[in-house]
Amino acid sequence: MAQLSLFLVVLLALVIPIFMARFQISNVPTAVAEIIVGIIMGSSGFNLITSTHDLTFLSNLGVILLMFLSGMEIDFDLLQRKNNPKGKSQAGKTVDPLKTAITAFIGIVIMAFVLAYVLRLTGLFSEVMLAAIILMTVALGVVIATLKEKDILGRPIGQTILLTAVLGEVIPLLLLTIYASINGGNAEQLWLIILLFVAAIFLLRRFKQPYLWFAKITKSTTQLDIRLAFFLIFALVTVAETVGAENILGAFLAGMVMKLLEPSEATKDKLTSIGYGFFIPIFFIMTGVGLNLRSLFAHPSSLMLLPVLVIFLFIAKVPVLLTYVRYFQKKNAFAGGFLTATTITIVLPTLQVARKLHAITSTQSDAFILAAVIVCILSPIVFNSNFVLLPEDKIKEKVAIVGANAVTVPVAHDLHANWYSVKMFTDKKNQYKTYDSRVENLTFLPNLDEETLEKDGVFDGDIVVAANRADEDNIKIARMAKEKGINRVIARLSEVDSKTLTEFNEKGIEVFNSTNVHAALMRAMIESPTVYRIMTDTKNILYSVKVKNTHYTGRQLMDLEFIDQITVSRIKRGDEWLIPRGATVIEPGDILVFSGEFKVADRVRDLLSKE
C-alpha cells in the first residue's frame with residue numbers, strides 16, 4: 001500500500017497540470033488543485049492514498065523548498081526608495097508603491113487582530129495570535145503568478161500589490177517564529193533567533209565571491225550553483241532548529257540569501273524546476289490527503305468555523321481596498337484587495353507548527369486549510385473578472401526625451417506605441433512653439449534645474465534621453481537622471497572627451513554621438529548591406545529581447561513555432577555573442593536580436609519576454 005501511495009502521488013503530480021492545461025483551467029492555482037485532488041484521493045474521499053514514512057519525508061522537504069523559493073521571490077530592489085520611484089496611478093494621482101503597501105498592510109494587521117478577538121469572544125477559536133497571523137498572510141507566489149499573467153508587475157498598481165504581498169509573507173513568518181518560541185516553552189531563548197539572522201548575513205558575505213566563481217566553473221555534471229543552494233537551505237534550517245526557531249524560517253532566510261547572491265536566470269529556473277517539479281506538489285497533495293472532512297462535518301463547532309473563516313479572510317483585507325481606492329481606479333482597487341486575500345503558502349506551514357505545539361485541534365486545522373483553499377479559488381477569479389487593463393498598463397516602458405528638435409521628434413513618432421509611452425520636454429520657447437502642434441505630449445520647462453525636471457515628471461519614466469543641442473545640458477540631465485535611479489539614461493553629445501566617457505561608462509550612461517553613428521551606418525552599408533537594409537527598412541523592424549518565458553528555453557531555435565517568420569541575427573549570452581544556428585539551444589536570459597514584419601515581430605517579442 002505504501003508503494004502504491006507513493007506511485008499515485010507522483011502520478012497525480014504529473015497529471016494535474018496536464019489536465020488543467022487541457023481544459024484551460026487557469027483561474028485556479030495549481031497548488032489549490034493539488035490539495036483538492038489530495039482530498040478526493042485521501043481519507044475524505046476514496047482513501048486510495050495514505051500517509052507513509054517516505055511521503056512524509058518528501059512532503060517535509062517540499063515545504064522547506066516552498067519556503068526557500070518564497071524567500072527567493074522577494075525583490076529587494078523594490079524595497080529601496082531609489083528603485084521604487086513615485087509614478088502616476090490609474091486615477092491620475094502620484095503613488096508611492098512602498099508607502100502605499102506599508103499603509104495597507106498596517107491596516108491588515110489591525111483588522112486581523114480585531115477579527116481574531118472576535119473569534120475568541122464567540123468561542124469559535126481561542127488562539128488570538130495564531131488566528132491573527134493566518135488572517136494577515138498573503139500568498140506571494142499566487143499574487144506574482146496572477147500579476148505576471150496580467151503583465152502589470154512593472155506598473156504602479158502591480159508594484160503596490162506585490163509589495164503588500166511581500167509584507168504579507170515576511171511579517172507573519174516572523175510573528176510565527178515569536179509565537180512558536182513563546183508557546184513552545186523557549187521564550188527565554190527567543191534572543192537566540194538573532195543568531196539565525198547573523199548566520200544568514202555571514203553566509204551571504206562569505207559566499208558572495210565563491211558563488212560568482214562557482215557560476216563560472218559549474219558543469220552539467222557538477223551543478224555547483226544548485227549544490228550551494230541546498231547547502232544554504234540545510235545550513236540555515238539546522239541553525240534555526242538549534243536555536244529553537246522553526247525550520248521554515250531557516251529555509252525562508254536561505255531563499256533570501258540566495259536571492260541576494262544574484263543567481264542567474266538559469267540557476268533560478270533549475271531551482272524552481274526541482275521544487276515545483278517534484279517536491280512541492282507532493283506537499284500540497286499530501287496536505288489534501290491529510291484533511292479529514294468527515295471528521296470536520298461531524299464537529300458542528302469546527303464546521304461553523306469554516307464559513308466564518310472564509311468571510312474573515314476577505315474582511316481582513318478590506319484595509320487594502322480602502323487604501324488602494326485613494327490612488328487607483330475603483331474597480332481595480334477592488335480587484336487588488338481581493339487578490340491580496342489569497343492565503344495558502346504561509347498558512348499550511350503555520351498550521352503544521354500549531355499542530356506540533358498542540359495549539360489547534362485537527363478539525364480546526366482542517367477548517368483553516370479548507371477556508372484558505374476556498375479563498376484561493378475565489379480571489380484570482382474575482383481579480384481577473386474585475387481588473388481592467390488601462391492604456392498606461394499596456395505600455396511596456398515610459399520614455400522621457402529632453403530636447404525637441406529635428407532629430408528627436410521623428411524618433412518620438414517612430415517609437416512603437418505598443419511598447420513605449422513617450423513624453424517630450426524642451427526649455428526653448430521657439431522649439432515649443434514649432435513642435436507643440438506636432439508632438440502629442442510636449443511640455444515646456446522654464447529651466448533645467450533638478451526641482452523643475454522632477455516636478456514636471458522627467459524622472460518618472462524608465463528611459464531618459466538627454467538630447468538638447470548643448471552638451472553641457474545633456475551631461476547635467478544625464479547625471480541627475482542616473483542619481484534618481486533611472487534604469488536607462490541616454491545622452492546625446494556632439495563631442496565626447498575621455499574623462500566624461502569614462503565617467504558615463506562607469507555609471508552606465510549610454511552616449512549617442514551622431515558622428516560615430518553616421519560612420520557606423522556608412523561602414524555597415526559598405527561591409528554588410530543586408531544589415532543596413534534591416535536597420536533602415538520601413539516594412540520590417542529590428543528588435544532585441546531578453547528571453548524570460550520558460551516555455552521557449554531549453555529548446556532549439558529550429559523548434560520554435562515562429563522561427564520561419566523572423567530572422568535571428570545574433571544571440572547574446574552573458575558577455576558572449578553567439579552566431580545562431582538551427583541547433584542552438586535557447587537559455588533563460590539570452591538576448592535575441594531578430595528582425596521581422598511589424599505584427600509578427602511584435603508578437604514574438606511579447607511571447608519571449610513574458611515571465
Side-chain angles (χ1 to χ4, degrees), residues 1-3 5-10 12-13 16 30-32 34-35 37-39 41-43 49-72 133-134 137 139 141 169 172-173 176-177 179-181 184 186 196 226-227 229-256 258 271-292 344-360 362 365-366 368-369 372-373:
M1 185 66 181
Q3 196 64 31
S5 294
L6 178 60
F7 170 77
L8 287 175
V9 169
V10 175
L12 289 172
I16 291 169
T30 306
V32 172
E34 288 163 348
I35 293 173
V37 172
I39 293 172
M41 300 297 287
S43 57
I49 299 175
T50 57
S51 182
T52 66
H53 177 270
D54 291 341
L55 282 172
T56 301
F57 171 77
L58 293 173
S59 178
N60 290 337
L61 192 53
V63 73
I64 287 174
L65 282 171
L66 175 66
M67 299 312 301
F68 172 77
L69 292 173
S70 295
M72 279 191 68
I133 290 171
I134 293 174
T137 60
E169 189 150 280
L173 190 58
L176 175 64
T177 302
Y179 173 82
S181 299
N186 299 320
L196 179 59
I226 306 302
R227 296 187 189 194
F230 277 92
F231 169 77
L232 288 174
I233 293 171
F234 287 101
L236 288 174
V237 164
T238 302
V239 174
E241 292 182 337
T242 303
V243 301
E246 291 301 320
N247 56 19
I248 57 174
L249 177 61
F252 190 79
L253 284 176
M256 293 170 66
M258 192 68 188
L271 288 168
T272 302
S273 299
I274 293 170
Y276 285 100
F278 183 69
F279 294 102
I280 295 173
I282 292 176
F283 166 66
F284 285 128
I285 292 171
M286 291 308 297
T287 297
V289 169
L291 279 177
N292 192 333
I344 198 77
T345 312
I346 300 295
V347 167
L348 298 181
T350 300
L351 292 171
Q352 272 192 349
V353 173
R355 286 195 297 270
K356 190 166 62 176
L357 296 172
H358 304 291
I360 190 172
S362 59
S365 175
D366 290 348
F368 273 98
I369 293 174
V373 168

How far does [atom1] of [X] sit from [atom2] of [Y], to the nearest 0.5 angstrom?
X: Ile49; Y: Ser43; atom1: CD1; atom2: OG; value: 11.0 Å
X: Leu12; Y: Phe7; atom1: CG; atom2: CZ; value: 9.5 Å
X: Phe252; Y: Leu66; atom1: CZ; atom2: CG; value: 10.5 Å
X: Leu253; Y: Met67; atom1: CG; atom2: CE; value: 9.5 Å
X: Leu58; Y: His53; atom1: CG; atom2: NE2; value: 10.0 Å
X: Ile133; Y: Leu176; atom1: CD1; atom2: CG; value: 5.5 Å

Heavy-atom check, side chain of [X] versus side chain of [Y], under 4.5 Å:
X: Ile35; Y: Ile39; answer: yes
X: Phe284; Y: Leu348; answer: yes
X: Val373; Y: Leu291; answer: no

Worked verdict on Leu271 versus Leu69 for side chain to side chain contact (heavy atoms under 4.5 Å, CB included): CA-CA 8 Å; Leu271 288 168; Leu69 292 173; 4.3 Å; yes
Minimum heavy-atom separation for Phe279 to Ile274, with atom names?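 It is CD1-O, 3.6 Å.
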Please report the shortest heavy-atom distance between Thr52 and Ser5, naming the atom on each side.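 Here Thr52 and Ser5 meet closest at CG2-CB, 4.4 Å.
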Would you please name every residue forming a side chain to side chain donor-acceptor pair (under 3.5 Å) with Thr272, sequence neighbours left out? none
I'd like to check the side chain to side chain donor-acceptor pair (under 3.5 Å) partners of Thr56; sequence neighbours left out, ordered by chain and number.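 Only Ser51 meet the side chain to side chain donor-acceptor pair (under 3.5 Å) criterion with Thr56.
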List the steps, then state whether side chain to side chain contact (heavy atoms under 4.5 Å, CB included) holds for Phe283 with Leu61. CA-CA 8 Å; Phe283 166 66; Leu61 192 53; over 6 Å; no
As a quick check of understanding, evaluate side chain to side chain contact (heavy atoms under 4.5 Å, CB included) for Ile233 and Leu65, giving each step before the final call. CA-CA 8 Å; Ile233 293 171; Leu65 282 171; 3.8 Å; yes
